[in-house]
Amino acid sequence: MKYNIFYSCISHIGKCRHMNQDNFICDRVYMQPVQEQMQFPLNGSLQSDHPALLGVFDGMGGEECGEVAAWLAAKESSEVVIGDDPTEELSVLCRKANYEICRYAEQNGVLSMGTTAALLAFGKREIGLCNIGDSRIFRLRGSDLKQLSVDHVAVAAYGRKPPLSQNLGIPPSEMVIEPYVCRHLYQDGDQYLLCSDGLTDMVSPDDIRRIMTESTEEKTVGRLVKAALAHGGRDNITVILCKITAKKRKLFSNTTY
């Protein structure tokens, strides 16, 4: 059966940051390091018989360095061709992106820079999933919201945010990165949410599930960003929502929030 995959993406600076160090990939579209503000939400559609990649990157490493790390990962992602084994291709992508970030840091005298990655590769009947760091991937099936990604975080003192145990941008001489990869079958009506921690640090899973179940997919990303901002908006917020359908239907409209 042929499936349509509708997506909507917003990347917001939040209330407290001086720049947006997040980035994303939506079917080869991503943000350049220096450019005019993109028009959001970014909406589009894919077909299950033409595999494509979507993902979120949350850069770290001080002013500009995190932004560059996320951009390098997004740029590498835009060049990936998804084939018969998406999990292997996503693992290779992470290694290439890690190499490019480490090379940039060495060439420019940057001591520490990196990015998370949360990636979905859509094939004909299944998705390849890959993540490293704490950007997350959720699936809403009916009213059941499930986190599919695995957080790479270390133990932290009580009340403090756990530091990352893995990310893109770690030299192989220090540690060999091990992104989490897996496959899932998808079905008509599934919704997939990819997001940076600017959403999940501000909005609880219960509230995320409520917004996703109560809103049309055209409005969900805007409502999620609004919720994160209403709870403080302390970090950049990047959200991608994907809706799977076996029926022909109208594309997302470019609603604003």
Side-chain angles (χ1 to χ4, degrees), residues 7 9-26 29-33 38 40 42 53-78 90 93-94 96-98 100-102 104-105 110 112-120 129-138 147-154 156 160-170 177-180 192-203 205 208 221 224-225 227-229 231-242:
Y7 65 82
C9 170
I10 292 175
S11 188
H12 194 287
I13 194 173
K15 289 185 173 182
C16 302
R17 301 293 189 182
H18 297 298
M19 66 168 56
N20 188 355
Q21 292 190 316
D22 285 0
N23 214 313
F24 60 85
I25 184 70
C26 283
V29 176
Y30 59 96
M31 292 192 294
Q32 298 296 330
M38 292 185 69
F40 290 113
L42 176 66
L53 180 65
L54 297 103
V56 167
F57 310 96
D58 182 355
M60 64 200 80
E63 293 293 320
E64 296 187 2
C65 292
E67 181 186 32
V68 172
W71 167 71
L72 287 170
K75 181 175 179 292
E76 285 296 316
S77 300
S78 72
L90 292 175
L93 165 61
C94 285
K96 287 182 176 179
N98 192 69
E100 291 298 330
I101 294 167
C102 291
Y104 180 95
V110 179
S112 177
M113 62 184 290
T115 183
T116 68
L119 299 157
L120 281 183
L129 178 151
C130 175
N131 84 277
I132 185 167
D134 61 357
S135 292
R136 293 179 177 175
I137 302 172
F138 297 91
Q147 181 177 335
L148 302 181
S149 56
V150 174
D151 293 344
H152 296 112
V153 294
R160 297 182 66 88
K161 181 178 171 65
L164 298 184
S165 59
Q166 289 196 67
N167 57 264
L168 300 180
I170 299 176
I177 61 170
E178 297 183 79
Y180 174 71
Y192 292 89
L193 177 69
L194 301 87
C195 59
S196 60
D197 64 357
L199 176 69
T200 51
D201 284 352
M202 299 288 101
V203 186
I208 290 173
V221 288
L224 289 170
V225 170
L229 294 172
H231 286 84
R234 294 195 296 268
D235 203 350
N236 310 142
I237 310 155
T238 300
V239 178
I240 301 175
L241 178 73
C242 309

[X]: which residues meet the side-chain contact (heavy atoms from CB on, under 4.5 Å) condition with it, sequence neighbours left out?
{"X": "P205", "answer": "none"}
{"X": "A69", "answer": "I101, M113, T115"}
{"X": "K15", "answer": "L229"}
{"X": "I137", "answer": "A118, L120, L129, S149, L194"}

Identify, with sequence neighbours excluded, every residue that meets side-chain hydrogen bond (donor to acceptor under 3.5 Å, both in side chains) alongside [X].
{"X": "D197", "result": "K161"}
{"X": "D235", "result": "R17"}
{"X": "N20", "result": "S11"}
{"X": "D22", "result": "S196, T238"}

Can you tell me how far apart [atom1] ([X]) and [atom2] ([Y]) are? Round to the nearest 0.5 Å.
{"X": "L168", "Y": "M60", "atom1": "CG", "atom2": "CE", "value": "8.0 Å"}
{"X": "S112", "Y": "I170", "atom1": "OG", "atom2": "CD1", "value": "9.0 Å"}
{"X": "I237", "Y": "I10", "atom1": "CD1", "atom2": "CD1", "value": "9.5 Å"}
{"X": "L119", "Y": "L54", "atom1": "CG", "atom2": "CG", "value": "9.0 Å"}
{"X": "I25", "Y": "K75", "atom1": "CD1", "atom2": "NZ", "value": "11.0 Å"}
{"X": "F57", "Y": "T116", "atom1": "CZ", "atom2": "OG1", "value": "8.5 Å"}

- request: Start with the C-alpha distance between V225 and F40, add both sets of side-chain angles, then the distance that settles side chain to side chain contact (heavy atoms under 4.5 Å, CB included), and finish with yes or no.
  value: CA-CA 12 Å; V225 170; F40 290 113; over 6 Å; no
- request: Please report the C-alpha distance between M31 and W71 in whole Å, then the side-chain angles of each, then the deciding distance to 0.1 Å, and finally whether the side chain to side chain contact (heavy atoms under 4.5 Å, CB included) criterion is met.
  value: CA-CA 7 Å; M31 292 192 294; W71 167 71; over 6 Å; no
Shortest non-hydrogen contact from [X] toward [Y]:
{"X": "A228", "Y": "G198", "answer": "CB-O, 3.7 Å"}
{"X": "N98", "Y": "G169", "answer": "OD1-N, 2.6 Å"}
{"X": "L224", "Y": "V203", "answer": "O-CG2, 4.4 Å"}

message: Quick one, C26 with Y7, criterion side chain to side chain contact (heavy atoms under 4.5 Å, CB included). Give me CA distance, side-chain angles, the key distance, then yes/no.
response: CA-CA 8 Å; C26 283; Y7 65 82; 3.7 Å; yes
- request: Just do the side chain to side chain contact (heavy atoms under 4.5 Å, CB included) check on Y192 and L148 with the steps written out, would you?
  value: CA-CA 9 Å; Y192 292 89; L148 302 181; 3.8 Å; yes
query: Among V221, I208, T200, which one satisfies side chain to side chain contact (heavy atoms under 4.5 Å, CB included) with L193?
result: I208
message: N131 and side chain to side chain contact (heavy atoms under 4.5 Å, CB included): which single residue from H152, Q166, R136 fits?
response: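 Only one of H152, Q166, R136 forms a side chain to side chain contact (heavy atoms under 4.5 Å, CB included) with N131, namely H152.
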query: Any side-chain heavy atom of L90 within less than 4.5 Å of one from P179?
result: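 The answer is no; the side chains never approach within 4.5 Å.
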- prompt: Is the count of non-hydrogen atoms from other residues, nucleotides or ligands lying under 6.0 Å from E178 atom CD greater than 12?
  reply: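 Counting other residues, nucleotides and ligands, CD of E178 stays at 12 neighbours or fewer.
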query: Sub-3.5 Å donor-acceptor pair from the side chain of N236 to the main-chain atoms of Q21, do we have one?
result: yes
